[in-house]
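Every chain is numbered from 1 and lettered A, B, ... according to where its sequence line falls, protein lines coming before strand lines.
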2 protein chains.
Amino acid sequence: MLTTKETADIFKAFCDENRIRILQLLLDGEKCACKLLEAMNITQPTLSHHMKILVDSGIVSGRKEGKWMHYSISAEGIRKAQSYLSYLLSRGKDV
Amino acid sequence: MLTTKETADIFKAFCDENRIRILQLLLDGEKCACKLLEAMNITQPTLSHHMKILVDSGIVSGRKEGKWMHYSISAEGIRKAQSYLSYLLSRGKDV
DNA sequence: ATCATATATAGAGATTTGTCAATATGTTTT
DNA sequence: AAAACATATTGACAAATCTCTATATATGAT
């Protein structure tokens, strides 16, 4: 079971538009930070900032290979978020 | 299909600790704003602010009855968030 | 060793978000 | 109509977040 803060932190990964775009880019598989960077209209340090939030939250996993960082969506992280939502649904009433 | 901003807005509902606590309180069913207020250590305007975010995002639905507002978790809203996560999983690789 | 490249970190400014006190709106009771 | 109560809105301040420039670190190539 997650704490209130842990839960909020996981979902923080999804509440910035640039991070949603990054996830969109990762949908078709692992990508290098440099590829993400050229696809987005932000500076390199800003990308680095967002990748840190995504990785720390467990939603994305990073793999270092030489001087490149390869990022991909982490099924395990997504499932953690999913199970919280299921938990809410399991007892929520309405519609 | 949701826009980037719509997606981010839905998840914004979950990224504040007080809102997670509110959802926790709503787990056992509909509650009046006054009940939420006495269970939480925030002022009435602050609660009102958070309820607006939760309702606007579709995660919670509100029902007015006389002078009371009754809030409950909206299954439909939760499902929208769930389906975005499923979408990420459907193509994400890794673990 | 030096240089070039990829990424991370530090620090500063701008924007957004959360919080409160004060006040407004809407509803019920007297 | 006035008073009492529940909730919403406004406006101000504080804290958190996003973004940038400058710089540091790490790796590979010359």
Side-chain angles (χ1 to χ4, degrees), chain A residues 3-26 29-74, chain B residues 3-26 29-74:
Chain A
T3 67
T4 303
K5 178 164 173 25
E6 284 166 343
T7 306
D9 283 346
I10 289 175
F11 286 100
K12 267 175 197 161
F14 301 100
C15 51
D16 177 87
E17 284 196 61
N18 278 326
R19 290 196 287 273
I20 296 292
R21 281 191 210 103
I22 291 166
L23 291 172
Q24 184 68 38
L25 290 167
L26 293 179
E30 187 181 72
K31 278 207 174 61
C32 170
C34 55
K35 284 292 173 192
L36 295 172
L37 184 59
E38 69 187 31
M40 304 206 33
N41 220 11
I42 56 178
T43 63
Q44 181 271 319
T46 298
L47 177 65
S48 195
H49 164 77
H50 287 304
M51 296 323 291
K52 183 166 169 40
I53 290 171
L54 286 167
V55 170
D56 287 354
S57 72
I59 295 303
V60 163
S61 54
R63 179 174 68 81
K64 188 170 186 173
E65 187 182 304
K67 43 183 176 176
W68 293 276
M69 276 300 293
H70 297 276
Y71 292 105
S72 55
I73 292 176
S74 161
Chain B
T3 67
T4 302
K5 178 161 171 28
E6 283 166 344
T7 306
D9 283 347
I10 289 174
F11 285 101
K12 267 176 196 160
F14 300 100
C15 52
D16 176 86
E17 285 197 60
N18 278 325
R19 289 195 288 272
I20 296 294
R21 282 191 210 104
I22 290 166
L23 291 172
Q24 184 68 38
L25 290 167
L26 293 179
E30 187 181 73
K31 278 206 174 60
C32 170
C34 55
K35 284 293 173 190
L36 296 173
L37 185 59
E38 70 186 32
M40 305 208 30
N41 220 12
I42 56 179
T43 64
Q44 181 271 321
T46 298
L47 176 66
S48 195
H49 164 76
H50 288 304
M51 296 323 291
K52 182 166 169 42
I53 290 172
L54 286 167
V55 169
D56 287 354
S57 72
I59 295 304
V60 162
S61 54
R63 179 176 67 82
K64 186 168 187 174
E65 188 182 303
K67 43 183 176 175
W68 293 276
M69 275 301 292
H70 297 275
Y71 291 105
S72 56
I73 291 175
S74 161

Only distances under 3.5 Å count here; give the side-chain donor-acceptor pairs of residues 8-21 of chain A to other protein atoms, sequence neighbours excluded, each with its distance to 0.1 Å.
{"residue": "A:Asp9", "atom": "OD1", "partner": "A:Lys12", "partner atom": "NZ", "Å": "3.4"}
{"residue": "A:Asp9", "atom": "OD2", "partner": "A:Lys5", "partner atom": "NZ", "Å": "2.8"}
{"residue": "A:Asp16", "atom": "OD2", "partner": "A:Asn18", "partner atom": "N", "Å": "2.8"}
{"residue": "A:Asp16", "atom": "OD2", "partner": "A:Arg19", "partner atom": "N", "Å": "3.2"}
{"residue": "A:Glu17", "atom": "OE1", "partner": "A:Arg21", "partner atom": "NH2", "Å": "3.4"}
{"residue": "A:Asn18", "atom": "OD1", "partner": "A:Arg21", "partner atom": "NH1", "Å": "2.5"}
{"residue": "A:Arg19", "atom": "NE", "partner": "A:Ala13", "partner atom": "O", "Å": "3.1"}
{"residue": "A:Arg19", "atom": "NH1", "partner": "A:His50", "partner atom": "ND1", "Å": "3.0"}
{"residue": "A:Arg19", "atom": "NH2", "partner": "A:Lys12", "partner atom": "O", "Å": "2.9"}

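- In this entry the distance linking CD1 of A:Ile20 with P of D:dC18 reads 12 Å, nearest Å.
- Looking at every heavy atom in both residues, A:Leu23 comes nearest to A:Ile59 through CD2-CG2, 3.9 Å.
- For the atom pair B:Ser72 OG and B:Lys31 NZ, the distance stands at 11.0 Å (nearest 0.5 Å).
- When the C1' atom of D:dA8 is taken as reference, atom CG of B:Leu54 falls 16 Å away, rounded to whole Å.
- Using a 4.0 Å heavy-atom distance criterion, A:Lys12 is classed as a sugar-phosphate-only contact.
- Counting to the nearest Å, the C1' atom of D:dT17 and the NZ atom of A:Lys52 are 15 Å from each other.
- Protein atom CG of B:Leu47 is 8 Å distant from nucleotide atom P of D:dA8, rounded to whole Å.
- In terms of position on DNA chain D, the residue among A:His49 and B:Met51 whose nearest nucleotide sits closer to the 5' end is B:Met51.
- Interatomic distance, CD of B:Glu38 versus CG of B:Asn41, reported as 12.5 Å (0.5 Å rounding).
- Taking a 6.0 Å sphere around NZ of A:Lys35, one finds it holds 12 or fewer heavy atoms contributed by other residues, nucleotides or ligands.
- Among the heavy atoms of the strands lying under 4.0 Å from B:Ile53 are primed sugar atoms or P, OP1, OP2 only; no base atom is included.
- In this entry the distance linking NZ of B:Lys35 with P of D:dT7 reads 11 Å, nearest Å.
- Closest approach of A:Leu26 and A:Tyr71 over heavy atoms only: CD2-O, 3.4 Å.
- Residue A:Glu17 contributes atom CD, which lies 15 Å from atom C1' of D:dT19 at whole-angstrom precision.
- A distance of 5.5 Å separates CD1 of B:Ile42 from CD1 of B:Ile22, quoted to the nearest 0.5 Å.
- Considering only side-chain N and O atoms, A:His50 lies under 4.0 angstrom from the phosphate OP1 or OP2 of D:dT19.
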Task: Contact state string [nucleotides 20-30 of chain D, B base, S sugar-phosphate only, - no protein heavy atom under 4.0 Å] - done: BBB---SBS--
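- No donor-acceptor distance shorter than 3.5 angstrom exists from the side chain of B:Ser48 to the backbone of B:Gln44, with no hydrogens or angles considered.
- The CD atom of A:Glu30 sits 6.0 Å away from atom NE2 of A:His70, with the distance rounded to the nearest 0.5 Å.
- In the 5' to 3' direction, nucleotides of DNA chain C lying under 4.0 Å from heavy atoms of chain B begin and end at C:dT17 to C:dT28.
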